[in-house]
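Start at 1 with the first residue, then count along the sequence. Values below: every heavy atom of this structure, side chains too, minus hydrogens, waters and symmetry copies. Predicted model only: the values in this text are computed from it and were never measured.
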Amino acid sequence: MSSKQEPVVLGKLGSSHGIKGWLKITTYTDSVEGIFDYSPWLIKEQGEWREVKVLQWRFQGKAVVASLEGVETRDQAQMLTNCEIAVTPQQIETLPEDEFYWRDLIGCEVVNTKGYNMGKVQEIVETGSNDVLLVKANAKDGFGKAERMIPFVTEQFIIEVNLTEKQIIVDWDPDF
């Protein structure tokens with residue numbers, strides 16, 4: 001299955017809440033309630049994805065809890081603790097040409113404007129002021145780097161993102 005067909009993880013199921021099968025929800029969406037814009041969910045249980053429907057959800061203090069179809073007891077809910085919540089890529093809205101989902105940038109090759117291959121994007125870190133690409137350097141990096149952190153600031157450091165070629169062109173000194 002290619003990464004474009006892989007489910008997109010939006011959160012995970014937490015511990016059970018109460019005796020009627022409700023679960024705490026950890027979300028990776030911009031807003032906490034954004035995860036409930038998607039239906040149905042896929043949950044990864046024992047390595048396999050299966051579809052589930054959210055029956056109800058609500059805020060519980062600063063957290064959110066949800067009731068899932070077929071989960072009616074605390075014991076059933078506890079069996080799902082720590083399962084990932086995902087949706088199919090088709091459920092995710094298409095972004096304008098100059099915007100990207102983080103998942104699309106993971107694995108992209110990073111090359112500076114002078115043609116030096118700096119490695120591949122391993123993850124993206126949210127710092128508050130701007131996102132940062134964590135680039136795992138090539139095994140035989142000429143500058144002895146294991147990884148690089150490059151701010152995702154378009155036009156200043158990020159010159160071009162080509163998702164078709166899985167390549168990001170940066171204005172960044174490889175020794176930094």
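- Put simply, NZ on Lys20 and CZ on Arg74 are 13.5 Å apart, with the number rounded to the nearest 0.5 Å.
- By the 6.0 Å contact criterion, CD1 on Ile19 is open, its count of non-hydrogen atoms from other residues, nucleotides or ligands being 12 or less.
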Report task. Start with the C-alpha gap between Lys136 and Lys120, add the side-chain angles, then the distance that decides, and say whether side chain to side chain contact (heavy atoms under 4.5 Å, CB included) holds. Result -> CA-CA 5 Å; Lys136 182 176 168 109; Lys120 290 188 178 186; 5.7 Å; no
Would you give me the side-chain donor-acceptor pairs under 3.5 Å for residues 142-150, sequence neighbours excluded?
{"residue": "Lys145", "atom": "NZ", "partner": "Asp175", "partner atom": "O", "Å": "3.2"}
{"residue": "Arg148", "atom": "NE", "partner": "Pro174", "partner atom": "O", "Å": "3.0"}
{"residue": "Arg148", "atom": "NH1", "partner": "Met118", "partner atom": "O", "Å": "3.0"}
{"residue": "Arg148", "atom": "NH1", "partner": "Asp141", "partner atom": "OD1", "Å": "3.2"}
{"residue": "Arg148", "atom": "NH2", "partner": "Asp141", "partner atom": "OD1", "Å": "2.9"}
{"residue": "Arg148", "atom": "NH2", "partner": "Asp141", "partner atom": "OD2", "Å": "3.0"}
{"residue": "Arg148", "atom": "NH2", "partner": "Pro174", "partner atom": "O", "Å": "2.8"}

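- Note that CD1 of Ile169 is 10.0 Å distant from CD of Glu165, once rounded to the nearest 0.5 Å.
- For the pair Val135/Gln122, no side-chain contact is recorded, criterion being any heavy-atom separation below 4.5 Å from C-beta on.
- A distance-only check finds a donor-acceptor pair linking the side chain of Gln91 to the backbone of Pro40 [under 3.5 Å].
- In this structure, Asp131 CG and Phe100 CZ are separated by 12.5 Å, a value rounded to the nearest 0.5 Å.
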Report task. Go through the steps for Trp41 and Lys53 under the test side chain to side chain contact (heavy atoms under 4.5 Å, CB included), then give the verdict. Result -> CA-CA 6 Å; Trp41 285 353; Lys53 181 179 175 190; over 6 Å; no
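- Leu163 places a side-chain heavy atom less than 4.5 Å from the side chain of Cys108.
- Closest heavy-atom contact between Val121 and Leu105: CB-O, 3.3 Å.
- Ile159 and Tyr116 end up in different hydrophobic clusters when Ile, Leu, Val, Met, Phe, Trp and Tyr side chains are linked at under 4.5 Å.
- Within the 4.5 Å cutoff, side-chain heavy atoms of Cys83 are placed close to those of Leu80.
- Here the side chains of Leu134 and Ile124 are not in contact, with every heavy-atom distance at 4.5 Å or above.
- Between the side chain of Ser16 and the main chain of Leu23, no donor-acceptor pair closer than 3.5 Å is present.
- The two residues Ala86 and Pro7 come nearest to each other via the heavy atoms CB-CB, 3.7 Å.
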**Report entry** Derivation of the side chain to side chain contact (heavy atoms under 4.5 Å, CB included) call for Leu133 and Phe152
**Finding:** CA-CA 6 Å; Leu133 299 177; Phe152 196 89; 3.8 Å; yes
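- Cluster annotation: Ile35 is not connected to Leu42 through the hydrophobic network of ILVMFWY side chains, with a link wherever side-chain heavy atoms come within less than 4.5 Å.
- The side-chain heavy atoms of Ile25 and Ile85, taken from C-beta on, include a pair separated by under 4.5 Å.
- With rounding to the nearest 0.5 angstrom, the CD atom of Glu109 is 10.0 Å from the CD1 atom of Ile168.
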Side chains of residues 57-72: which donor-acceptor pairs under 3.5 Å do they make with residues two or more places apart or in other chains?
{"residue": "Arg58", "atom": "NE", "partner": "Gln60", "partner atom": "OE1", "Å": "3.2"}

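- Contact check for Tyr101 versus Glu93: side-chain heavy atoms found under the 4.5 Å cut-off.
- Phe36 is listed as a side-chain neighbour of Val54, based on a closest heavy-atom distance under 4.5 Å.
- Side-chain contact between Thr27 and Leu10 is absent, with no heavy-atom pair separated by less than 4.5 Å.
- Here the straight-line distance linking atom CD1 of Ile158 with atom CH2 of Trp172 works out to 9.0 Å at 0.5 Å rounding.
- Considering all non-hydrogen atoms of both residues, Val125 and Glu123 come closest at CG2-OE1, 4.1 Å.
- The CE atom of Met79 sits 7.5 Å away from atom CD of Glu45, with the distance rounded to the nearest 0.5 Å.
- Between the side chains of Asp171 and Gln156, no donor-acceptor pair is found at a separation under 3.5 Å.
- At most 12 non-hydrogen atoms from other residues, nucleotides or ligands lie less than 6.0 angstrom from CD of Glu97.
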